[in-house]
Number of protein chains: 2
Amino acid sequence: MNSFLQRLAAGGYRITPQRRLILEVLQQGARHQTAEDICASLQQKEPNISLGTVYRNLNILISLGLVTGVDFKDGRIRYELNDSHHHHLVCLNCGNTVEFPGCNLEETLGDIIGRTRFKITGHILEVFGYCRACQEPDGR
Amino acid sequence: MNSFLQRLAAGGYRITPQRRLILEVLQQGARHQTAEDICASLQQKEPNISLGTVYRNLNILISLGLVTGVDFKDGRIRYELNDSHHHHLVCLNCGNTVEFPGCNLEETLGDIIGRTRFKITGHILEVFGYCRACQEPDGR
DNA sequence: GCTATAATTAATAACCGTTCTTATTTAGGA
DNA sequence: TCCTAAATAAGAACGGTTATTAATTATAGC
């Protein structure tokens with residue numbers, strides 16, 4: 001059994017066909033899909049699946065640390081498997097993204113954060129700009 | 001005249017009492033206020049000010065680079081004057097925040113980003129965790 | 001200072017991503 | 001196979017934000 005399903009079960013959740021499919025779409029489909037994208041993919045296999053089910057399960061998957069929600073500043077959350085720590089470079093014009101690998105951010109900020117006595121659970125970092133293709137001749 | 005007002009005028013916008021007041025609240029009031037917080041403050045001086053006016057003008061101020069919107073993961077945007085580059089450490093339990101000063105992030109990421117040929121316009125970085133007071137004995 | 005006019009506002013409706021409600025179905029243990 | 005708590009489908013509700021519109025107002029030109 002898929003290790004994501006194992007972790008779902010270990011969290012006390014049932015393995016439903018809907019949950020299998022959601023994980024399948026996240027593993028095999030495009031990265032950075034919105035809930036609606038995911039729901040549309042699912043409905044090709046299971047026409048009756050509900051958007052509410054998708055949201056509810058995505059939130060469960062996030063709470064278990066299996067999935068991450070990212071904000072590309074376009075008013076909707078995008079979801080991806082939490083398989084490797086990375087961040088995104090997002091084009092504000094066309095929405096294309098480039099992932100860049102693990103940062104040493106919490107390490108870098110160790111001193112500052114240490115002094116505050118916060119117990120850190122995570123961070124978000126997204127870099128915005130315009131991709132090569134979307135840069136106007138005038139440099140925008 | 002306040003340099004923020006100057007920059008507003010330089011952007012081709014009129015100086016209205018509402019805009020003066022919004023900037024005043026941002027300069028003198030608490031940091032990280034929501035649009036509703038700001039509106040409530042304004043209404044103490046101008047009872048008829050509208051929430052729509054607040055949002056519209058905050059977006060104008062953001063587009064001019066005078067204000068920044070930050071996401072503390074509680075479903076609403078918080079606004080602050082864009083007077084110094086800094087980031088936040090946010091307690092997921094009580095919402096308290098600690099600001100930490102300018103990062104050298106775009107510098108640090110220079111190589112990666114350089115290769116992508118993106119033209120960078122900004123980034124968001126927020127660190128989440130639990131503050132000293134909110135950490136349970138069990139370490140949460 | 002006065003006027004003309006385009007920008008701005010107040011009030012409120014609409015929008016839209018997300019969450020909640022409820023009756024029905026189902027996964028998984030006994 | 002049953003039982004029962006968990007999960008689902010359908011759709012209503014929520015809430016932060018944006019859009020609409022008629023009335024008001026800041027400001028440039030006289």
Side-chain angles (χ1 to χ4, degrees), chain A residues 1-2 5-25 32-64 66-79 95, chain B residues 1-2 5-23 25 32-64 67-79 95:
Chain A
M1 175 163 77
N2 185 316
L5 291 175
Q6 278 177 22
R7 291 164 69 189
L8 197 50
Y13 295 98
R14 294 181 176 175
I15 309 300
T16 65
Q18 292 86 344
R19 286 173 181 164
R20 283 180 189 277
L21 285 170
I22 289 170
L23 284 167
E24 230 174 271
V25 166
H32 318 137
Q33 298 182 80
T34 65
E36 217 162 350
D37 293 338
I38 294 167
C39 192
S41 294
L42 297 179
Q43 286 177 338
Q44 293 179 359
K45 296 186 181 179
E46 280 290 342
N48 285 343
I49 209 159
S50 151
L51 186 54
T53 297
V54 174
Y55 274 112
R56 183 165 27 75
N57 285 312
L58 285 170
N59 286 338
I60 288 170
L61 293 170
I62 287 174
S63 76
L64 290 174
L66 308 190
V67 166
T68 309
V70 291
D71 175 14
F72 288 174
K73 293 243 181 189
D74 63 350
R76 59 192 70 192
I77 302 172
R78 305 188 176 249
Y79 299 89
Chain B
M1 175 165 74
N2 184 318
L5 292 175
Q6 278 176 21
R7 291 163 69 189
L8 197 50
Y13 295 97
R14 293 182 173 172
I15 310 300
T16 65
Q18 292 85 344
R19 287 174 180 163
R20 284 180 188 278
L21 285 170
I22 289 170
L23 284 167
V25 167
H32 318 139
Q33 297 183 79
T34 65
E36 217 162 349
D37 293 339
I38 294 167
C39 192
S41 295
L42 296 179
Q43 286 176 338
Q44 293 180 359
K45 297 186 179 177
E46 279 290 340
N48 283 345
I49 209 158
S50 152
L51 185 55
T53 298
V54 174
Y55 274 112
R56 184 166 26 76
N57 285 312
L58 286 170
N59 286 338
I60 289 169
L61 293 169
I62 287 174
S63 76
L64 291 173
V67 166
T68 308
V70 290
D71 174 15
F72 287 174
K73 293 244 180 187
D74 65 350
R76 58 191 71 190
I77 301 171
R78 306 189 175 247
Y79 298 89

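Quick note on labels: first sequence line is chain A, next is B, and so on, each numbered from 1.
Separating the CZ atom of Arg14(A) from the C1' atom of dC3(D) is a distance of 11 Å, rounded to the nearest angstrom. Note: CD1 (Ile77(B)) to P (dT18(C)) measures 13 Å, nearest angstrom. One interatomic measurement links the two molecules: CG of Leu61(A) to P of dA7(D), which rounds to 12 Å at whole-angstrom precision. One can place CD of Gln43(A) at 14 Å from P of dT8(D), the figure rounded to the nearest angstrom. Summarising the geometry, the separation between CG on Leu58(B) and C1' on dA19(D) is reported as 17 Å, rounded to the nearest angstrom.
Judged by closest nucleotide on DNA chain D, Asp74(B) is the one of Thr16(B) and Asp74(B) placed further toward the 5' end.
Phosphate contact (OP1/OP2 of dT18(C), side-chain N/O of Arg76(A), threshold under 4.0 Å): absent. Distances shown here put a side-chain N or O of Gln18(B) below 4.0 Å from the OP1 or OP2 atom of dA10(C). When the side-chain nitrogen and oxygen atoms of Arg19(A) are compared with OP1 and OP2 of dA7(D), one or more of them lie within a distance under 4.0 Å.
With rounding to the nearest 0.5 Å, the separation of CG in Asn57(A) from CG in Leu66(A) is 11.5 Å.
Across residues 45-57 of chain B, Asn48(B), Ile49(B), Ser50(B), Thr53(B), Arg56(B), Asn57(B) each have a non-hydrogen atom less than 4.0 Å from an atom of DNA chain C (numbered order).
Tested against Arg19(A) for a side chain to side chain contact (heavy atoms under 4.5 Å, CB included), the candidates Thr53(A), Leu8(A), Leu61(A) yield a single pass: Leu8(A).
Between Leu51(B) and Ala35(B), the shortest heavy-atom distance links the atoms CD1-O, 3.9 Å.
When the nucleotides dT9(C), dT27(D), dT17(D) are ranked by their closest atom to the side chain of Ala35(B), dT17(D) comes out on top.
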